[in-house]
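A short worksheet on the structure shown next.
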Amino acid sequence: MTASPRLVLDTVCKQFEGPSGVLPVVSDVSLTVGEGEFISIIGPSGCGKTTILNMIAGLQRPTSGTLLVDGRPIAGPGADRGVIFQDYGVFPWLTVKDNIAFGLTLRANRIAKSDREQIANRYIELMGLTGFENAYPKTLSGGMKQRVALARAYAIKSSILLMDEPFGALDAQARSAMQNLLLEVLRSEGKTVVLVTHSVEEALYLSTRIVVVTARPARIRTIVDVPFEHPRHEELHRSQRFGELQYELREVVMREYAMQARLRGEDVRASGSPITHREERRA
Amino acid sequence: MTNDALAQVAVTRETPVRSRPGTVARKVWQLGLHAGLRALPWLIVLLLWYLLPATGLVNSALVPTPWQVLVKFYEQLTTNRLWLDMYMSLQRVTLGLACGIILAVPIGFLLGWYRPARMLFDPLVNFFRSLPPIALIPLVIVYFGIDELAKVVMLFYAAFFSGVIVMYEGIVQTNPLFIRVARTLGATDEEIFRRIIVPLALPHVLTALRVALGVSWATLVASELIAAQRGLGAVIQNASNYFQIDTIYAGIICIGLLALLMDRCLRVIAARLLQWQERIVP
């Protein structure tokens, strides 16, 4: 990890103005992400994880606080931060190949046609999409669409990858294949990743650090360093340490789920989360 | 191992399904079956038409047989220049439709895209849309006379308002995810419009065109009631003055067939342009 951080979030808050008043969604999130780190954000669904990611992507602006990429404040979306959305967002009117090359045809990152072809072909091969270059997305399975979306984001060579539950809709086998493929790509290309997930197992298997956030509004509950060495392999799942960590982490996350259920049961308090934890840490 | 896992996924779940090559005889049989099924509803209608007078439910003097209508059709075509009427009607419909849609597409788009525009103009669009064009005939005569222009204005009115509504309902449903994806890939506003919004709007343009086409043909007769010399509406109108029921039938069938033909053409074009769309009927 280099001295200068890739990504800095400093006391970031986000609130939405709803019909019933101000709704805080993200509260006081501070986080520093170094070059090559893989950060997972984990917490109850609907807690504001995606909002954090959208703010890093530049799709939403924080109500207060600052977000920096390589020391510069985030003004909007940019090709330096590739985003993988939960619903893939593969363009149905373009073929697999045109989807992958889409970013490379935009003025922001335009390159020569031959280079474009080459890059697209490389990712088609890497993602196991050979034979489907000219297929329209309607003929693809969910796993394949996800691979097209990944390739499209990789192709523009964004050094930061933001992923919002990218494998949530896949079955267990496809999911595990995609996780391994992601690790493989990261090994060869070295990217900084922020992943939003609700799977403790996925977070443990992929990340260097795991950020557990609270029920709405999302605050950082705790940050866990993942002790496993890279490169990681499937066998890691079977190690005793992995099992223990998974159990511990799940306990923490389950408490947040329970808290969220209680919040929903009561009538959401607009004043913010009443939780204060002694083990709360800030990066 | 990753690649193995992927390869397995590819083999077991994602092999594209291709139809097995059949023998030539089988193909011919299938084509014949297809054509037969296509013709079947028409044959049923013809049969019912023949049988209708026999039931005694209607006076057979008032319902000409299909054969009589066909003879009349040929007679009109050869002696009364029915082709000219078809041409005139086709020209009016095409012109009115083209003008209507050319205006309906950008306006429908603006209404769908900009919320304030929608809130401002939605009641107006719905007010004018629900006015039957026939009700406007007197005014059209007052302002546009009884020339070609008057008929085209009527058809334009019908095409525009039916097109605008389809277009804007379609644009409202645009999935914002695609725009967000393009933004994160570095697209500018202009690129988003050209590369994302235009392809997403295309299906709605074609639907608007088809809906407007149907409405245009429906309005045609009304517009040709404005003292038209020629045109299928005029043929029907004149025939009704002389109580020539077989000619009325021939004119109506003519309109139906022309409309069907134009719709078919549009569907073929749409299928070409929208290969990528997921649909129940291929």
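To find a chain, count down the sequence lines: A is the first, B the second, and so on, and within it residues start at 1. All values below come from the heavy atoms of this structure, side chains included, with hydrogens, waters and symmetry mates left out.
- With hydrogens and angles ignored, the 3.5 Å screen pairs a side-chain donor or acceptor of A:Thr192 with a backbone N or O of A:Gly36.
- A:Thr197 and A:Glu202 form a side-chain donor-acceptor contact under 3.5 Å, judged by distance and modelled atom types alone.
- Ring geometry, A:Trp93 versus B:Trp276: the interplanar angle exceeds 60°, so the pair is classed perpendicular (tilted spans 30 to 60°).
- Summarising the local packing, NZ of A:Lys138 is surrounded by more than 12 heavy atoms from other residues, nucleotides or ligands at distances under 6.0 Å.
- A:Phe167 contributes atom CZ, which lies 8.0 Å from atom CZ of A:Arg175 (distance to the nearest 0.5 angstrom).
- Listed in order of number, the residues of residues 181-197 of chain B that approach chain A to under 4.5 Å between heavy atoms are B:Val181, B:Ala182, B:Arg183, B:Thr184, B:Leu185, B:Gly186, B:Ala187, B:Thr188, B:Glu190, B:Glu191, B:Arg195, B:Ile196.
- Most heavy-atom pairs under 4.5 Å with chain B: of the set A:Thr105, A:Leu94, A:Leu106, this distinction falls to A:Leu106.
- Across A:Gly76, A:Pro77, A:Ala153, the residue that shares the most heavy-atom pairs under 4.5 angstrom with chain B is A:Pro77.
- Between A:Tyr123 and A:Tyr154, the ring-plane angle classifies as tilted under the 30° and 60° cut-offs.
- Cation-pi geometry between B:Arg129 and B:Phe160 is not met: the NZ or CZ atom fails to fall both under 6.0 Å from the ring centre and inside 45° of the normal.
- Residues from residues 32-45 of chain B never place a non-hydrogen atom less than 4.5 Å from a non-hydrogen atom of chain A.
- Using a 4.5 Å cut-off between heavy atoms, A:Thr130 makes no contact with chain B at all.
- A:Lys14 places a side-chain N or O within donor-acceptor distance of the main-chain N or O of A:Arg61, the cut-off being under 3.5 Å.
- Just one of B:Val105, B:Val211, B:Leu209 meets the side-chain contact (heavy atoms from CB on, under 4.5 Å) condition when paired with B:Met167; it is B:Val105.
- If you measure heavy-atom distances from B:Gln275 to chain A, the contacts under 4.5 Å come from both the backbone and the side chain.
- Put simply, the side chain of A:Asn134 never gets that close to the backbone of A:Lys97: no donor and acceptor are under 3.5 Å apart.
- Of the possible donor and acceptor atoms, none in the side chain of B:Asp263 sits under 3.5 Å from a partner among the backbone N and O of B:Ala259.
- Proximity to chain B at a heavy-atom threshold of 4.5 Å picks out A:Ala79, A:Arg81, A:Val83, A:Phe85, A:Asp87 from residues 79-87 of chain A, in numerical order.
- Proximity of a side-chain donor or acceptor of A:Arg232 to a complementary backbone N or O of A:Phe228 within less than 3.5 Å is detected.
- Ring geometry, B:Tyr157 versus B:Phe128: the interplanar angle exceeds 60°, so the pair is classed perpendicular (tilted spans 30 to 60°).
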For residues 88-96 of chain B, run the donor-acceptor check on the side chains, cut-off 3.5 Å, and write out each pair with its distance to 0.1 Å, sequence neighbours left out.
from    : atom 1 : to       : atom 2 : distance (Å)
B:Ser89 : OG     : B:Asp85  : O      : 3.2
B:Ser89 : OG     : B:Glu224 : OE2    : 2.9
B:Ser89 : OG     : B:Leu232 : N      : 2.7
B:Arg92 : NE     : B:Glu148 : OE2    : 2.6
B:Arg92 : NH1    : B:Glu224 : OE2    : 2.7
B:Arg92 : NH1    : B:Arg230 : O      : 2.9
B:Arg92 : NH2    : B:Glu148 : OE1    : 3.2
B:Arg92 : NH2    : B:Glu148 : OE2    : 3.4
B:Thr94 : OG1    : B:Leu90  : O      : 2.5

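- In summary, the side chains of A:Asn180 and A:Tyr205 do present a donor paired with an acceptor at a separation below 3.5 Å, with no hydrogens or angles considered.
- Chain B forms the most heavy-atom pairs under 4.5 Å with one residue out of A:Ala149, A:Ser158, A:Ala135, A:Pro92, and that residue is A:Pro92.
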